Amino acid sequence: MIIVMKPTATQDDVKSICDLISSLRYQPRVTVGTEQTVIACIGSEVNPQIVPRLETLDCVQEIIHVSKKYKLVSREFKPEDTVIDIKGTKIGGGNVPVMAGPCAVESYEQLRQVVVDLTAQGINVIRAMVYKPRTSTYDFQGLKDDGIRAMRKVKEEFPNIAFITEVPGPNQIEGLMDVTDVFQVGARNSQNYDLLECLGRAGKPVILKRGMAGTVEEWLQSAEYLMANGCKEVILCERGIRTYETITRNTLDLGAMAATKRLTHLPIVVDPSHGGGKLELVVPLSRAALGAGCDGLLVETHPNPKQAFSDAAQQIPSASFGEYMAAIRPWLDLAGQAHA
Ligand code: PEP
Ligand code: MN
């Protein structure tokens, strides 16, 4: 249930409603919008007694019953787009940034080179994975602590960049806190509820990838885990799903992306690299994602993709990232306008 307050409602009114909700053993979650404040009432089932009590209050404009399992992430709760600011790069509400970086951190030199090449293109939000949860246990699993040290060193040299990094489980959150600006939950972990609850309390933005075979409902419920546990800055990422088609690595589900934007106020970025799995598909899928209204792109790039420890086939050579940017520029410019 969502309580929409009248525009004239005072902070005391909001507090008294929150107290009432808490006394009935629900958790209130308050969002202050530009015009109105809304209060989500979190609890397993709505106690029917609460509704008539709330309806009689002067400061309450409307009570919306949300039967969906996701509430805080829903457009009913917050109609306007959420804009997330990562060290000056805004995502959502008409801001459509390109974020990029290597599939995995392989050395200090490799990471530094990518950062040099990307910052030259005005890209300051950089993915840098030190944990690589792989389908095969025999594949490269990430540099782990050595990778964290490389990230720290690069960050000291480039203090204005922001790092996105994947966290594979609750035990790795603490060790990544000082080097990462955004946590990523990978597709394989998108329904790891213990991780989502712990990350919700970690106090940093989270990029939540859609599960390998996850439905939109499951994806949004995972986002709800993050928000219900305190995370205010959740970015969804469509990275393709498993279908019968094998010509692409995954089937990039742009229809679901566009449909999901109607259900949630959270920004949705698209990962065209894992979506297609092939270098030659990154430009067309990026253009398609921008045309379909995504809030940003998350792209893989490497100084020397042929030698990459993981995902060699899909990474853009970082020295030619400018060519990629030029190839998608008209779509990027239109994407910004479309949202305006
Ligand atoms: C990644 O972004 O590094 C990654 C492994 O992607 P996904 O979780 O979408 O497979
Ligand atoms: Mn990868």
Side-chain angles (χ1 to χ4, degrees), residues 98-106 110-111 114 118 125-137 139-144 147-148 151 162-169 172 176 179-192 195-196 199 205-216 218-219 222-223 226 234-243 248-254 256-257 260 268-279 281-282 285-286 289 294 296-318:
V98 175
M99 299 166 280
C103 179
V105 175
E106 297 174 4
Q110 174 247 16
L111 180 61
V114 171
L118 290 177
V125 181
I126 292 166
R127 51 162 289 147
M129 307 305 171
V130 296
Y131 293 103
K132 295 299 309 169
R134 306 299 296 280
T135 303
S136 167
T137 190
D139 284 343
F140 174 59
Q141 301 285 318
L143 290 188
K144 302 179 183 170
I148 295 175
M151 285 174 77
F163 276 136
I164 301 167
T165 204
E166 175 155 358
V167 58
Q172 288 78 23
L176 290 168
V179 289
T180 197
D181 299 276
V182 183
F183 283 114
Q184 177 169 304
V185 176
R188 289 157 189 77
N189 251 331
S190 112
Q191 288 182 287
N192 180 339
L195 173 61
L196 296 172
L199 271 184
V206 177
I207 292 182
L208 174 65
K209 290 212 164 182
R210 183 175 173 191
M212 310 246 311
T215 65
V216 167
E218 286 162 347
W219 192 20
S222 291
L226 290 165
V234 178
I235 301 161
L236 300 171
C237 179
E238 164 61 39
R239 45 76 76 199
I241 48 169
R242 160 112 17 119
T243 67
T248 47
R249 181 175 181 184
N250 294 293
T251 297
L252 193 65
D253 195 0
L254 295 178
M257 188 277 293
T260 307
I268 311 182
V269 301
V270 167
D271 175 346
S273 307
H274 292 90
K278 292 176 187 155
L279 179 60
L281 296 179
V282 180
L285 292 181
S286 301
C294 73
L297 294 168
L298 199 50
V299 184
E300 281 192 348
T301 180
H302 187 286
N304 186 359
K306 287 201 174 76
Q307 303 293 318
F309 296 176
S310 54
D311 289 352
Q314 68 194 32
Q315 302 202 60
I316 296 174
S318 58

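For the single chain, residues carry numbers from 1 onward in sequence order. The model shown is predicted, which means the values in this text are computed figures rather than measured ones. Each ligand, and each atom within it, is numbered from 1 in the order the structure gives. In what follows, every heavy atom counts, from backbone to side chain, and hydrogens, waters and symmetry copies are set aside.
- No donor-acceptor pair under 3.5 Å is formed between the side chain of Gln141 and the backbone N or O of Leu143.
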For a side chain to side chain contact (heavy atoms under 4.5 Å, CB included) check, start with the C-alpha distance between Met212 and Arg239, then their side-chain angles and the critical distance, and finish with the verdict. CA-CA 8 Å; Met212 310 246 311; Arg239 45 76 76 199; 3.9 Å; yes
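- Between the side chain of Gln184 and the main chain of Ile207, no donor-acceptor pair closer than 3.5 Å is present.
- Excluding waters, the set of protein N, O or S atoms lying under 2.8 Å from the Mn ion (ligand 2) comprises Cys103 SG, His274 NE2, Glu300 OE2, Asp311 OD2.
- With contacts defined as side-chain heavy-atom distances shorter than 4.5 Å, the pair Cys103/His302 does not qualify.
- Between Lys132 and Asp311 there is no salt bridge, since no side-chain nitrogen of the basic residue lies less than 4.0 Å from a carboxylate oxygen of the acidic one.
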Starting from the N and O atoms of ligand 1, collect every protein N/O partner closer than 3.5 Å and put each pair on its own line with the distance to 0.1 Å.
from     : atom 1 : to     : atom 2 : distance (Å)
ligand 1 : 2 (O)  : Arg127 : NH1    : 2.7
ligand 1 : 2 (O)  : Gln184 : NE2    : 3.0
ligand 1 : 2 (O)  : Lys209 : NZ     : 2.8
ligand 1 : 3 (O)  : Arg127 : NH1    : 3.4
ligand 1 : 3 (O)  : Arg127 : NH2    : 2.7
ligand 1 : 3 (O)  : Lys132 : NZ     : 2.8
ligand 1 : 6 (O)  : Lys209 : NZ     : 3.1
ligand 1 : 8 (O)  : Ala187 : N      : 2.8
ligand 1 : 9 (O)  : Lys209 : NZ     : 2.9
ligand 1 : 9 (O)  : Arg239 : NE     : 2.7
ligand 1 : 10 (O) : Arg188 : NH1    : 2.9
ligand 1 : 10 (O) : Arg239 : NH2    : 2.8

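- Side-chain atoms of Ile164 and Leu298, non-hydrogen and from C-beta on, do get closer than 4.5 Å to each other.
- In this structure, a donor-acceptor pair under 3.5 Å is absent between the side chains of Arg210 and Ser222.
- More than 12 heavy atoms of other residues, nucleotides or ligands lie within 6.0 Å of CZ in Arg134, so this atom counts as buried by the packing criterion.
- For the atom pair CZ of Phe163 and CE of Met129, the computed distance is 11.0 Å after rounding to the nearest 0.5 Å.
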